[in-house]
Amino acid sequence: MKAKVIGQKIVATLIIPCAVYLLFLILRPQVFGQTSLIWTLFNQSIANIIMAWGLSFEMTAGNMDMSVGAEMILGSLVGCMFAKTLGIPGIILGALLVALIIGVLKSVLSALINMKTMIISIAYTLILGSVGYLVVKGESVIITSDQTTLGKFPYTLIILVVAGIVMYVLDRFSVFGAHCRALGGNENLAVVAGIKKKTVETKAIFICSIYAALSAIIYLSRGAGTAAQTGLSSMSTVFGAMTGVFIAMILVKYINMTVGIVVGVVSMNIITIGLIALNMPSSMKDSVNGGFLLLLMIINDIIQKREADKLYRAASMTRITEEQAVAAE
Amino acid sequence: MSKVILKAENVYKSFGLTKAVQNFSLEIAEGEVHGLIGENGSGKSTFSSMVAGVQTMDAGQLFIDGEPYAPKNAIDASERGVSLVVQEIGTIGTISVAANIFINKEKQFRKGGMIDYKTMYAEAKKILKRIGGEHLDPAAICASLNLEDRKLVEIAKAMYSNPRLLIIDETSNALATHGREVLYQNIRAVKESGGSVLFITHDMEELIEVCDSVTIMRDGVYVDTLRGDEMVAKRLKELMVGREIADNYYRPDFEPKYDADTVVFRATDICAPNASHVSFELHKGEILGLGGLADCGMHEVGRILFGLDRKDSGRVELADGTEIKTPVQAIKLGVGYLSKNRDTEAVILNYSIGDNIVMPSLPDLRKGPFMPKRAEREMADDWVDQLEIKCNGSKQYVKELSGGNKQKVVLAKWLAKDSQILIMDCPTRGIDIGVKEIIYQLMMSLKEQGKSIIMISEEMPELIGMSDRILVMKDYKINKEILRSPEVNEQEVVQYMV
Amino acid sequence: MADKALNAKKYQKSALISDLLPLGGLIAVVILFGILTKGKIFSSFSLQTIYNQSFLYILGGLGCAFLFAQGAIDLSMGAVIALCSILGAFAANQYGIIACILVCLIVGTICGTITGFIYSHTNIAVFILGLSVCFLIKGTLYQITNGQASISIPYADKKMFTPIWISAVVMVVFALIIYYLFEYHTMGKHSKAIGAGIAAAAQSGVDVTKIKWLGFVISGFTCGMVAFFTMVKTGSGGPATGSNFEFNVMIAMILGGMPSEGGARAKIKSCFIGAILIAFYSNGMVLLGADSRVQEILKGVVFIVVIVGTYRMQMQAEGKKAFQFFGLKLAKKNG
Amino acid sequence: MKKLFSLILALAMVFALAACGSDSGSAPAAAGSAPAASANGEDAAPAASGQSFNIGAVTTGSTDATSKPLYDSMEQAIKALGCNYIESAMEEDSGDGVLNAVNNLLSTGVDGLIVPNVASMYGLIPTIADLCEQNKVYFSLFWTNLDEGTEEYDACMNNPYFISTTCEDDVYSGYWAASVVGKLGVEKICTITLPDGFTTTNMRNEGLEKACKEYNMTVLGSCSDVSLTTSSAGGTTITEDFLAAYPDTEAIVVLGMSQYVLPGIAQALEDANRTDIQVAGIDFNEYQQDYMNSGILDGIIGGHFAGPTYSVILMVNRLQGNPLAESGVILRDSFIELGSAEEADEYATKIYGNCLYTDEQLANCLVSNNPDFTYDDLVAIADAYGLEDILSRTQG
């Protein structure tokens with residue numbers, strides 16, 4: 001039994017990324033054959049993976065926060081301003097400072113409002129986007145290349161691994177993670193069992209802000225610069241991370257969220273590179289991701305319907321067998 | 001006298017206007033399995049949920065082992081040794097069996113900040129074995145288990161903190177024979193370990209067999225407590241209903257009176273998980289009673305008749321042969337359905353009384369393309385007066401009404417629609433005596449108008465008192481058909497149920 | 001009896017508040033900016049600008065009123081509007097303006113029907129479904145325009161539709177139709193019933209699948225109309241047309257008093273009040289010369305304050321505790 | 001309930017009537033008309049030169065190195081010529097956004113209007129022309145090319161309130177940028193371009209092809225995905241993808257948006273130690289001199305900031321009653337070319353952040369101050385514009 005389960009887990013993990021990779025390998029062997037591409041893929045996915053890890057707690061508990069993209073960009077802007085005087089520590093300090101302030105504000109507000117967080121987060125996006133613009137007066141700000149070491153090899157891996165382990169522990173082994181899943185599964189039962197919804201939500205918001213700060217540091221260091229994204233344009237950054245979480249949620253029966261998110265984000269980035277290699281306009285990646293997600297959800301829905309059907313048939317069978325037993329006496 | 005575990009003193013609780021529990025006191029001693037019985041809506045579930053910390057009391061005092069006890073949630077309750085098993089699904093589908101058992105109690109497995117799943121699963125396996133659910137895998141996701149196994153998980157959750165007071169709230173009817181055996185075995189285990197059990201049910205035989213003593217409640221008020229051999233079914237029933245089974249309370253006549261040769265509704269060979277080859281015919285102007293123990297499958301048959309649930313085979317059709325497949329079609333064809341869970345299915349709480357009443361009849365009110373609001377308001381006010389629904393006008397929200405008035409709104413809905421066939425599932429469940437009488441008189445007037453009613457009920461007096469014909473169901477089959485006659489009494493009917 | 005009357009009065013009060021607060025908000029904003037801009041905001045030209053800016057959001061709000069009443073939101077509106085505008089622009093250039101109108105409406109309705117079919121026949125969450133449809137359409141837009149950022153429509157045709165009275169008539173007619181369907185037809189009542197309690201609605205004659213499906217079809221049709229009128233206004237259609245339209249409509253509806261889970265208190269007038277309120281606000285801010293970024297921050301803050309305000313007042317009226325902050329109760333339970 | 005809704009409908013009708021009241025061209029002084037002097041029509045007596053006019057400008061909202069100097073020099077010119085500057089930024093980068101900003105400015109009662117070209121703007125020009133004509137407001141465009149025979153061209157040319165449009169020879173800028181790397185003997189290049197479909201994008205691509213033929217270069221791949229080209233992290237991603245997909249590429253030509261992507265490109269090339277790859281770009285940014293000095297950047301063309309300033313000069317002259325040209329004009333606005341590190345340093349130190357023309361140089365472009373100033377003098381000033389010209393005038 002054990003081997004079969006592990007086998008199922010491995011297949012579920014690797015099926016999506018490998019299928020996509022193979023597809024592009026066939027189409028562009030010389031591009032997808034080289035091993036350095038794996039490295040590029042890894043570098044490009046880090047920022048999104050970390051943001052998606054931060055988002056996963058809120059989304060498992062049933063809330064969708066669209067303003068994390070704007071929060072991350074604000075973190076990178078403030079980090080950039082601090083970097084001018086304090087260097088690299090300035091980047092870290094700036095990003096974390098933003099994370100704390102926004103985290104506190106959001107959790108206080110979430111206690112005051114019990115409305116679908118998705119709608120309120122649109123207002124947050126508007127505010128954070130414009131605050132970012134006013135912080136740097138709209139200029140695009142850069143950091144000197146020696147300040148971008150955090151975006152380079154050893155550090156990105158360290159940040160990713162540490163963030164991954166912390167997320168894995170919080171998700172699988174912490175009481176907080178169990179409470180998020182309980183709230184997401186059936187909110188009334190969880191509350192009746194004594195789980196404090198607001199406390200769990202506040203922790204989820206803080207963790208999300210901290211992870212957004214980490215992803216801001218990497219976003220800034222990789223690009224050696226950043227620019228304010230006003231209005232609702234920062235939503236496109238958060239959608240990329242969210243799609244990763246959606247994919248992970250569908251695979252959660254087979255693999256844990258931490259690995260599921262890596263699978264989701266990396267698969268999407270493979271598609272982006274593939275499209276550029278095929279010299280197709282890379283705006284196609286939106287429709288490929290959208291169609292991909294829609295397909296996954298429809299398949300998932302069909303599977304669930306079939307399982308419900310199986311349970312229904314099993315119940316009928318037990319009734320029929322019981323009947324025969326009574327008839328036999 | 002052995003030490004008192006639970007002591008409740010003049011407990012009060014009301015939801016808006018309905019006074020669910022009034023001045024109720026109770027004592028349960030060590031090692032005692034104390035029953036709590038009463039008709040639906042007598043306040044027994046409300047009282048038990050207050051003791052288990054699911055709801056807060058308006059007034060009154062609770063004591064556990066002598067100390068004051070006011071739980072805010074299930075965790076406070078289980079710390080004081082009180083655990084609860086409810087009738088509906090109490091487990092969360094998306095998480096594992098072990099996670100459900102130890103929900104909000106995961107701290108104890110924390111080693112160095114990390115939950116140690118190995119010990120957690122081992123502990124879950126242990127408790128599952130102890131309560132008789134060893135075939136369950138602690139790591140399995142609850143949604144993949146069938147209903148009975150999920151209930152065993154709940155029992156394991158309750159038994160884990162080896163409770164001083166185990167509360168079982170009408171759980172038995174969700175369990176089949178094997179599950180019920182496991183439940184009784186655990187009740188005995190709690191009893192031997194010096195704990196106590198509060199066993200809530202409305203199934204007479206089970207109560208007499210399992211409990212040492214029983215308290216009877218009626219409309220939120222304490223009636224009496226019987227111990228040992230005083231507990232006799234007939235006596236219990238009288239105390240429960242609170243009056244001798246008065247004759248005029250139900251139908252005055254004693255012969256079946258219906259138009260035997262015109263069939264208005266026919267169900268042939270219905271098969272489903274809890275219905276096996278159910279067939280019957282409903283005649284014009286007939287009240288057909290469908291009786292049996294709670295889990296005999298009659299509720300599920302009622303839903304299938306209305307097209308709410310799917311069925312393996314069989315056919316539900318009107319006299320002229322048109323088959324009923326969906327509720328929308330059924331309503332159009334003049335079939336109405338009163339669900340047994342009133343607040344979630346029969347009526348829309350956050351919606352005005354008027355809108356609820358006119359909802360099914362909207363298509364009929366239309367004059368050409370236009371649907372005058374005046375007509376709607378008139379229909380609503382007209383039925384509010386006819387049924388004397390106590391409210392401040394048809395604009396008021398249904399959630400502010402008492403249980404009886406809510407049921408009147410549901411009835412008004414189908415009367416306004418002038419449905420010819422009404423499927424009533426526990427029509428007088430959780431309703432005070434005054435309104436019950438009105439509902440019975442209403443059923444009689446519908447019968448005179450030539451409408452036909454299928455009444456599904458778990459209360460013997462109601463079935464015998466009102467139906468022209470009673471179909472007794474047992475283990476998902478129609479076991480016996482009893483025609484209305486003066487000699488019919490409860491013992492005779494019950495023997496076909498058990 | 002007294003207790004019952006008091007209880008009923010509470011719910012009456014909270015219903016009244018949720019009904020009149022948004023209108024009060026609108027009047028307050030109108031007066032505030034009237035004073036601040038010393039009447040400049042009431043000049044015929046700025047009123048015309050306010051009309052132009054709120055017209056599209058009123059249309060959009062009317063279109064997705066049924067979805068809002070059901071507690072759902074169509075996140076694919078922006079992309080559908082862009083698609084309609086591009087195909088409409090092609091039709092306008094080839095076959096003239098009438099063909100453009102037809103193409104916009106037909107394409108919008110088709111998108112609405114497909115999304116509605118998926119929404120009503122599966123239990124996929126409406127947010128995720130909307131997002132993925134939005135991405136699916138957005139990605140293909142550049143292909144359809146084979147690289148063009150915008151396709152302009154013949155100016156002569158466009159000119160025919162620019163006079164204000166045409167759009168005013170269309171708005172009023174569309175508002176009357178939607179008002180009829182919402183208040184005097186089963187479609188509206190059944191949508192509100194689904195929002196208030198879907199299980200109970202199904203048992204009292206509401207064909208849930210059909211109503212959910214129709215909600216998206218009407219929203220799709222409206223996207224077609226909005227796409228056409230945006231093209232008439234800006235003279236061209238393209239991938240950027242209608243971007244973020246659905247979020248602005250959502251903000252307008254919530255500010256206009258539409259409850260976020262739909263239900264009985266869903267009203268048509270919320271789209272009028274919300275859209276006009278936002279138009280007055282943004283036009284007034286420009287007249288005061290406020291920097292557009294400050295405008296956006298204030299818009300977000302005002303939105304949150306209004307939400308907290310209405311929620312808190314409703315709780316107050318219903319005598320419940322409003323604040324639950326880390327378990328300690330900020331507002332004492334009154335009454 | 002019905003009463004409330006009929007109130008709403010009445011409100012909507014009142015709007016429509018009030019709005020179309022002004023639409024039918026009746027006297028602009030509708031009830032409570034804008035206090036500020038609404039533009040006096042053609043026939044009004046030429047206002048005394050002392051009277052100050054309001055000139056409104058629609059800004060793109062971002063103040064990076066390409067837009068900031070442009071708006072600063074426009075503001076300086078308006079103030080130098082004694083008028084007040086009113087700014088309204090467009091919320092979204094779409095036709096709707098521009099139209100809202102234009103409407104807002106018109107409702108504040110401006111006398112002149114200066115509007116940039118934006119993504120899906122081309123269908124909008126006739127609408128703006130109409131709006132300005134109705135409100136008797138002079139208007140100019142910048143970054144906008146009007147070709148003969150298009151609707152935009154006719155809408156502007158026979159509109160009495162159209163002052164001027166300035167546009168750059170983007171074919172030249174594309175050609176210049178590509179030839180920077182062409183001169184260094186490069187054969188295989190990748191390009192990053194503005195979003196597809198703009199006329200500017202098409203013109204710059206045309207220039208690129210011309211240069212490619214001349215230096216027989218081939219374009220391996222290109223990227224114009226807006227979600228990547230508007231952030232430096234996006235620049236890094238695009239460069240890494242190019243290096244992965246086309247390892248043999250020798251140069252990257254950025255035909256626009258370099259103020260966003262350049263830092264990312266530089267960073268990615270440094271990380272992949274492929275600094276052998278040449279980079280050339282269009283549109284200035286704040287840090288180009290560092291990249292030029294460090295050898296990553298080989299040439300950048302941009303700095304087309306003076307266009308609106310010329311339009312302001314023409315507009316104020318017209319407002320003061322002595323128009324330089326009878327009808328609308330199309331003015332060529334040239335680039336500043338920075339081919340070497342020294343030139344970039346000079347630009348950074350001497351020009352960036354301070355004015356292109358001194359106040360008196362601007363003042364004597366007004367006929368009211370300098371009677372024999374003609375349109376040809378203005379064209380001469382425009383053609384002379386360049387690095388040496390600015391240095392000689394401002395530093396000399």
Side-chain angles (χ1 to χ4, degrees), chain B residues 14-17 72 303 306-308 326-332 336-339 341-352 355-366 369-373 375-376 390-393 395-402 405 409-410 413-414 417 419, chain C residues 1-16 18-19 69 71 176-177 179-211 259 261-266 314 318-319 321 324 327 329 333:
Chain B
S14 63
F15 300 108
L17 311 168
K72 284 194 296 308
R303 289 178 66 90
F306 190 55
L308 276 171
T326 68
V328 173
Q329 181 204 6
I331 292 168
K332 266 204 211 74
Y337 176 74
L338 289 85
S339 164
N341 15 40
R342 196 179 319 117
D343 287 355
T344 52
E345 286 185 15
V347 80
I348 308 173
L349 289 182
N350 300 328
Y351 220 46
S352 75
D355 285 338
N356 263 294
I357 292 178
V358 296
M359 180 68 74
S361 343
L362 286 176
D364 319 335
L365 285 174
R366 189 184 306 194
F370 198 65
M371 187 156 56
K373 284 227 165 158
E376 272 176 49
K390 293 204 283 298
C391 62
N392 326 35
K395 283 271 175 293
Q396 193 184 357
Y397 275 38
V398 170
K399 66 183 175 199
E400 301 154 24
L401 300 180
S402 70
N405 280 308
V409 171
V410 179
K413 191 161 78 165
W414 299 116
K417 176 70 182 164
S419 312
Chain C
M1 267 316 279
D3 165 38
K4 183 159 82 63
L6 175 70
N7 199 326
K9 196 155 65 47
K10 267 189 219 162
Y11 287 115
Q12 225 77 34
K13 217 164 76 178
S14 105
L16 209 63
S18 88
D19 213 13
L176 285 180
I177 296 170
Y179 181 68
Y180 160 70
L181 282 176
F182 202 77
E183 297 294 338
Y184 292 87
H185 189 270
T186 50
M187 176 74 191
K189 281 205 178 312
H190 286 185
S191 302
K192 284 193 251 183
I194 290 177
I198 192 158
Q203 286 194 14
S204 36
V206 174
D207 185 343
V208 173
T209 321
K210 194 185 86 183
I211 299 291
E261 336 73 48
R265 288 191 182 143
Q314 271 170 356
E318 281 162 25
K321 295 171 289 308
Q324 203 90 20
K329 317 261 182 317
K333 179 173 183 325

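Labels below follow one simple rule: chain letters A, B, ... track the order of the sequence lines, proteins then strands, and each chain is numbered from 1.
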Residue part contacting chain C, namely of [X], when any heavy atom lies under 4.5 Å:
X: B:L308; value: side chain
X: B:Q329; value: neither
X: B:P360; value: both
X: B:D355; value: side chain

Rounded distance [0.5 Å steps], NZ in C:K189 versus OH in B:Y351: 6.0 Å
Just so I understand: if I count every heavy-atom pair under 4.5 Å between each of [options] and chain C, which residue has the most?
options: B:V328, B:L349, B:N356, B:L365; result: B:V328
options: B:V358, B:I348, B:V410; result: B:I348
options: B:K72, B:K332, B:E376; result: B:E376

Side-chain touch B:L362/C:H190, heavy atoms, less than 4.5 angstrom: yes
Salt bridge (Lys or Arg N to Asp or Glu O under 4.0 Å): pairs with one or both residues in residues 192-206 of chain C, sequence neighbours excluded: C:E183-C:K192
Side chains of residues 201-208 of chain C: which donor-acceptor pairs under 3.5 Å do they make with residues two or more places apart or in other chains?
unit_1 : atom_1 : unit_2 : atom_2 : d
C:Q203 : NE2    : B:E345 : OE1    : 2.6
C:S204 : OG     : C:A200 : O      : 3.0
C:S204 : OG     : C:A201 : O      : 3.4
C:D207 : OD1    : C:K210 : N      : 3.4

